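Following: one structure in structure tokens, then a few remarks.
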Amino acid sequence: MTMMESDQLLRVEDLRVEYLTEAGRVRVVDDVSFNLRRGEILGLAGESGSGKTTIALAILRLLKPPAVITGGSVVFEGRDLLSLGEVELRRLRGRKIALVTQSAMNALNPVLSIGEQLADAIREHERVGRRSALERARRLLDLVDIDPDRVRSYPHELSGGMRQRVVIAMAMALSPSLVLMDEPTTALDVAVQREILARIARLRQERDFSILFISHDLSILLELCTRIGVLYAGRLVEAAPARRLLGSPQHPYTGGLIRCFPHADEAPGPRPRLVGIPGAPPDPRDPPPGCRFHPRCGQRLPACQRSAPALTTVATDHEVACHLTRS
Amino acid sequence: MTYLLRRLVFYLLAAWASVTLAFVIPRLMPGDPEATMFARFHGKLDPEAMTALRRTFGFSDEPMWRQYLDYLGHVATGDLGTSVSYFPARVGDVIATGMIWTLFLAGLAVVLSYALGTLAGILAAWRRGRWLDAVGPPLLVLLGAFPFFWLAMLLLFLFGYTLGWTPVRHAHDSQVSPGWTLGFAWSVISHAALPAITIVVATAGSWMLDMRNTMIGILGEDYITMAHAKGLAPRRVMFRYAARNALLPSVTSFGMALGFVLSGSLLTEIVFSYPGQGYLLIQAVRSLDYPLIQGLFLTITLAVLAANFLVDVVYVWLDPRARSRGAP
Ligand SMILES: Nc1ncnc2c1ncn2[C@@H]1O[C@H](COP(=O)(O)OP(=O)(O)OP(=O)(O)O)[C@@H](O)[C@H]1O
Ligand SMILES: [Mg+2]
């Protein structure tokens, strides 16, 4: 691990986010820690409501009330973003860390042409004229396989897939070293989804940046990512290289997720029955004590209801938070 | 552009309908407006002079369709007849003078109210829960809830009579002769201040509240998060990304509000004896000056239609979706 430290681009440590509601504090991200190394695609998997978007927005400090970051640190290139001033933070947003928001359908301002929106990002950070910013916008569109003349189009004139690519182009605008992608393909049909994932993979080879790729779809992450973290009800339950996670998942929840889909490198023959995980994720307002997964877990121990297991290293680069692996 | 063309056709039809209504209504009124109008001249004028006078006012014994065609011709050329109460002034000229004052007072006040209210709404939503947001809407809505004329009289009593800060009637000092002089300009402004403030105070609150609520909805949109994520300065996000979008519904209601400008300013103009359209209308009704009433009705409706068309043009300019799709 230590030899990798210098390669570290982003270190999230004990991040805690709470929503201050009338009913009290709801902790939706609970002491989450992970590392993102330079050049890697780190996947973050989790069901709806597990806190994925909240983590992405917390990293850029874009959370709005009633969400509040109540603990932890987010160290990016050696600086803690959580203690950065507003102005410095703004200079970092878009230029060093870019965001691709969850629904591309609504990620673009409907009354500005996409050229203007791309140019806005460029001109905010660099001293360039309108003309040359628009020229760069054209090249950015070309980069994501959109006709450069589309700079004059408005969002409503583009298809969902095109909008998503525009948002990706926007994230590329200032050559950031990290791009946070929050379910960039969820709203799209499978064919378009494939196309965009391929585009992202190619872009990453051409330009040098790292990705935090968020998805509820573990199969996409297994294909795309170098490493994957699995979230359950606001807690990180397992983190491992993609291959290892697929081959030997340690947490019962991860195992359940992997059994949920047929994988490609499977021996030919009759498909195994798809087994879902029984039950539903807990209500974040009233989480179960101990391990949050224990009510749905087929292998729970008495200890699981009493104490929350800590994230422990079980093998090189493989961490799990489960009482089973301890014993 | 087809959208604007469609709107234009609609407004032209509406204009034609209102012109026709202005022709029909006086002829359907119970009692004979013509007789009422000329009653006062009875016995004073010989029959021949009467007939000539009736001609001047557009009443004749010709068949209805002829009268209608003549009337359309007159309206098209801007000939609205002769005023009874301001005899022998032409209705067109009488209205023009009133129109200038109304456009100046109500136009300015309504635009000011819209601009101030909207800006306050933007800021209140942006700094939600802070002092402007906490104090502004309830206060302005409270003021807006007072009856209009009551508010006007209260302000007039307070600042005009009790404190004596502002003049209490008319559009300018009769001692100052009209012209492009500083003295006259000051006189006009000081006379307009109180009635204008009345209109602004009474209407700004609803603009603020509308804008604040739309804006709060817009601020939750993904493209706002995206704008912040690009590192844009807060002011850019607030105006270029949030307010530009939040403005759209309010532009439409601004068009509708223009219709109320005249009814609102009517009361203000009466309280402040301000010689605008509203004041003229009261005068015309009092003295049964039918040509003037008809002329005022026409100019007011046409002005509202024209203003709405202007608002449509602005809307299309603001919202690219209206250009390609259609109705806002
Ligand atoms: N304004 C809010 N007030 C209270 N709770 C909220 C609010 N917004 C989100 N939450 C809660 O925070 C939790 C995490 O939400 P988040 O959007 O991060 O989930 P997610 O993993 O991105 O889900 P999805 O896959 O649906 O996008 C959810 O349980 C959600 O109910
Ligand atoms: Mg999400």
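Chain naming here is simple, since letters A, B, ... match the order of the sequence lines and numbering starts at 1 in each. We use all heavy atoms of the structure for the numbers below, so side chains are in, but hydrogens, waters and symmetry mates are not. The model shown is predicted, which means the values in this text are computed figures rather than measured ones.
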remark   = Of all heavy-atom pairs linking A229(B) and L62(A), the shortest is CB-CD1, 3.7 Å
query = Atom OH of Y241(B) and atom CG of L112(A): how far apart are they, to the nearest 0.5 Å?
reply = 5.5 Å
message = Does any backbone or side-chain atom of L57(A) lie under 4.5 Å from a heavy atom of chain B? Answer side chain, backbone, both or neither.
response = side chain
query = Looking only at heavy atoms, which two atoms of P234(B) and R90(A) are closest? And how far apart?
reply = CD-NH1, 3.3 Å
ask   = Which one, A107(A), P110(A), G94(A), leads in non-hydrogen pairs under 4.5 Å with chain B?
value = P110(A)
task = Please indicate whether D208(A) has more than 12 foreign heavy atoms, meaning atoms of other residues, nucleotides or ligands, lying under 6.0 Å from its CG.
result = no
request  = Output the option from V111(A), V167(A), L99(A), L174(A) having the highest count of non-hydrogen pairs under 4.5 Å with chain B.
outcome  = V111(A)
task = Measure distances from E116(A) to the heavy atoms of chain B and classify the residue's part below 4.5 Å as side chain, backbone, both or neither.
result = both
request  = Examine whether an atom of I218(B) lies under 4.5 Å from a heavy atom of chain A, and if so say whether it belongs to the side chain, the backbone or both; otherwise answer neither.
outcome  = neither
request  = Sort A227(B) into side chain, backbone, both or neither according to what part of it lies under 4.5 angstrom from a heavy atom of chain A.
outcome  = neither
message = How close do K64(A) and T225(B) get, counting heavy atoms only, and between which atoms?
response = NZ-OG1, 3.6 Å
query = Within a reach of under 6.0 Å around CZ of R61(A), are more than 12 heavy atoms found that belong to other residues, nucleotides or ligands?
reply = yes
note = Of the listed T101(A), D120(A), I122(A), L60(A), the one with the largest count of heavy-atom pairs under 4.5 Å with chain B is D120(A)
query = Side chain of N109(A), backbone of R240(B): donor and acceptor closer than 3.5 Å?
reply = yes
ask   = For chain B, which of R95(A), M170(A), R91(A), R93(A) has the most heavy-atom pairs under 4.5 Å?
value = R93(A)
message = I'd like to know if the side chain of H125(A) and the backbone of K230(B) have a donor-acceptor N/O pair within less than 3.5 Å.
response = yes
task = Using non-hydrogen atoms and a 4.5 Å limit, figure out which bit of I224(B) sits close to chain A: side chain, backbone, both or neither.
result = neither
note = In short, Y154(A) meets P320(B) closest at the heavy-atom pair CD2-CG, 3.3 Å
